[in-house]
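Okay, structure first, notes after.
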There are 2 protein chains.
Amino acid sequence: MPDLAPHRTLDWIGGLDGHIEMIDQTLLPGQFKVIACHDVETLWEAIKVLRVRGAPAIGVAAAMGAVLGIRDATTYEDLYARLERVCDYLASSRPTAVNLFWALDRMKRRAQTLQGRPLADIKESLLAEARAVRDEDAAMCRAIGDAGQHLIADGAGVLTHCNAGGLATAEYGTALALMYRAHELGRRFRVYADETRPLLQGSRLTAWELSRAGMDVTVICDNMAGLLMAQGKINLVITGADRIAATGDSANKIGTYSLAVLAKAHGIPFYIAAPSSTFDLSIDDGSAIPIEIRDENEIRRGPGGLTAPEGVNCYNPAFDVTPAELIHGIITERGLIQPVTREQVRTVIGR
Amino acid sequence: MPDLAPHRTLDWIGGLDGHIEMIDQTLLPGQFKVIACHDVETLWEAIKVLRVRGAPAIGVAAAMGAVLGIRDATTYEDLYARLERVCDYLASSRPTAVNLFWALDRMKRRAQTLQGRPLADIKESLLAEARAVRDEDAAMCRAIGDAGQHLIADGAGVLTHCNAGGLATAEYGTALALMYRAHELGRRFRVYADETRPLLQGSRLTAWELSRAGMDVTVICDNMAGLLMAQGKINLVITGADRIAATGDSANKIGTYSLAVLAKAHGIPFYIAAPSSTFDLSIDDGSAIPIEIRDENEIRRGPGGLTAPEGVNCYNPAFDVTPAELIHGIITERGLIQPVTREQVRTVIGR
């Protein structure tokens, strides 16, 4: 039986002789398994192969990993040498993860302030620092939830994209923090989770964690959002963000922009939830944010297996209706219907 | 070696003692295989398991199947009895396919007009009728192509959804007919094919047939269309339709409506291409068209294997940028940024 508390993505279990436990996210949604990391090598592999993912969660894992690396040190020199080594080693697990470097730097800075203290004190203080990284992340997510929970009314339909949830953070998440908080406050509402192609973070992770929390969640394919908005099923769209420019222009998982355009066309409010660390005020506006182009095979090779939890609802409309006012023309073997009006249809197609 | 001509989805090969050949669409995009149907049972199975699919193509297959069913008749009575039997049998392969019933009725009506003619004449005339069903479908598709090809300018980027292509008809298709015709006229342009979740007709079929014809096609996930429009990559959106009301309101594969809203927001023309038989003037407007809700497992179970042809380009941007003007508010642990302006960002986040 794991010791990991129900809402947590990863945590340090026990004292200085303890270990890290984390949900193995590579097995979701088919299997829920908590794994233990007793050594740095196991943790490095877990970060590398995305058993733990999401910038804040990786930062927490790295801070705790530093403790795994130094706890057996026998002298001061040994401890500081081990700290350098473990930080270099963990930094190599995901070389582009900014939160990883940030957390490791924080651990090293803390170690510097502890110089001259008894060896046992230093070790305990570094464990406390790693736990603080986790606790601060959790507190920040809760603060986001508190700041935004009022947006989710009783009976609302809320659409989200990708996974800006507890699984990407120590617990609770960013966009999903609002939903967890509103749920705790007793409000009843339905969440629609875009599956989020190509990597399906919405159907695999968001649907899993919300249903685990006992919430009402339904998976849709990304191309269904417009229909649901037209049907009046969506009252609010809320997503996370990866990077926000000084103007507020927000980079987030592919498909977010389409949702924002669709929301505006239907008069539905579209919100972003993100910690202040997501803002990069050195970026003047969104046009300066580079877009990562990823491997074509993510699209070309089907995922196989379960793409959403077995027990979670999926809504699968096969068609939608496009109103004539959005259609520039209809091309038929009898010629072009343009403009698309009842009269023109009758003229070209007849009765 | 199959005898099927390169652009054809299915055809009757040889004389009255001949057979049907068709592309086995269940093997696409991984494998291109033409199968032969020498008897009615093989054809029934092919329609049933979607080796041939698309309303017009199924109609052609059924008409030709009627010939397979009657060609060995030895007397008038035998022929008309066999015709009834084969039509009932083929109609049971896909009980909701309107074109299937239409084609079988047409064959029976033709047989009635032939009563009293020599047995060999009746058989030959029914084969000619089945071929006419195919030829008329091909001619109609070509007429749609001719009517709309001028919309595709040299250098254009054209977005399409699902498969309104040759594979759904005898050849050439509806939305794709414009592209084939513009290509024949020597125009160079790029087609973007939405993969079209959940069943991936865009990546599996549209990308396959356009690349087979030597055209420039790139697969995207459905949620990427908005980004491509914002990037200026799309000049025209064109899709097929399943049913069109008297107003011109058009039902088509899920996701078409979202594309139309996105196209309007970006000032990009959105067209439908469809034969006049798609219009149902008894339906007053789109709100009266029922939406089929399909099996949740189409979303929940991943497709596995190749979802797009191995050699076809896929464009896989991981993120997009949502401009501040589309964002109602940004929720942070420091509170709400609303409206999302440079000033409010500075006030809440600081420098």
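Letters go in sequence order (proteins before strands), and every chain restarts at 1. For the numbers below, each heavy atom of this structure counts, side chains included, while hydrogens, waters and symmetry mates do not.
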Salt bridge present between A/E310 and B/R301 (N-O < 4.0 angstrom):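 Salt bridge present between A/E310 and B/R301.
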Interface moiety of [X] toward chain B, non-hydrogen atoms closer than 4.5 Å:
| X | value |
| --- | --- |
| A/L259 | neither |
| A/P290 | neither |
| A/I337 | side chain |
| A/D222 | side chain |
| A/E195 | side chain |

Specify which of B/D295, B/T196, B/I289 makes the most heavy-atom pairs with chain A at under 4.5 Å. B/D295
Give the member of B/G335, B/A265, B/P198 that has the highest number of heavy-atom pairs under 4.5 Å with chain A.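 Highest number of heavy-atom pairs under 4.5 Å: B/P198.
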Quick one: does A/T332's side chain have a donor or acceptor within less than 3.5 Å of a partner on B/P275's backbone?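 Checking the backbone N and O of B/P275 against the side chain of A/T332, no donor-acceptor pair under 3.5 Å is found.
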Give the interface residues of residues 137-146 of chain A toward chain B, defined by a heavy-atom separation under 4.5 Å.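 Residues of residues 137-146 of chain A touching chain B at under 4.5 Å: A/M140, A/A143, A/I144.
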Using non-hydrogen atoms only, which part of B/V312 is less than 4.5 Å away from chain A: side chain, backbone, both, or neither?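 Just the backbone, heavy atoms under 4.5 Å.
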How long is the span from the CD1 atom in B/I331 to the CG atom in A/L178, to the nearest 0.5 Å?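 Rounded to the nearest 0.5 Å, the CD1-CG separation comes out at 4.5 Å.
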What's the spacing between A/N223 CG and B/D194 CG if we round to 0.5 Å? 7.5 Å
Ring pair (Phe, Tyr, Trp, His ring centres under 6.0 Å) partners of residues 281-340 of chain A, not counting sequence neighbours, each pair once: A/H328-B/Y271
Counting only heavy atoms not in B/K264, do more than 12 fall under 6.0 Å of its NZ? no
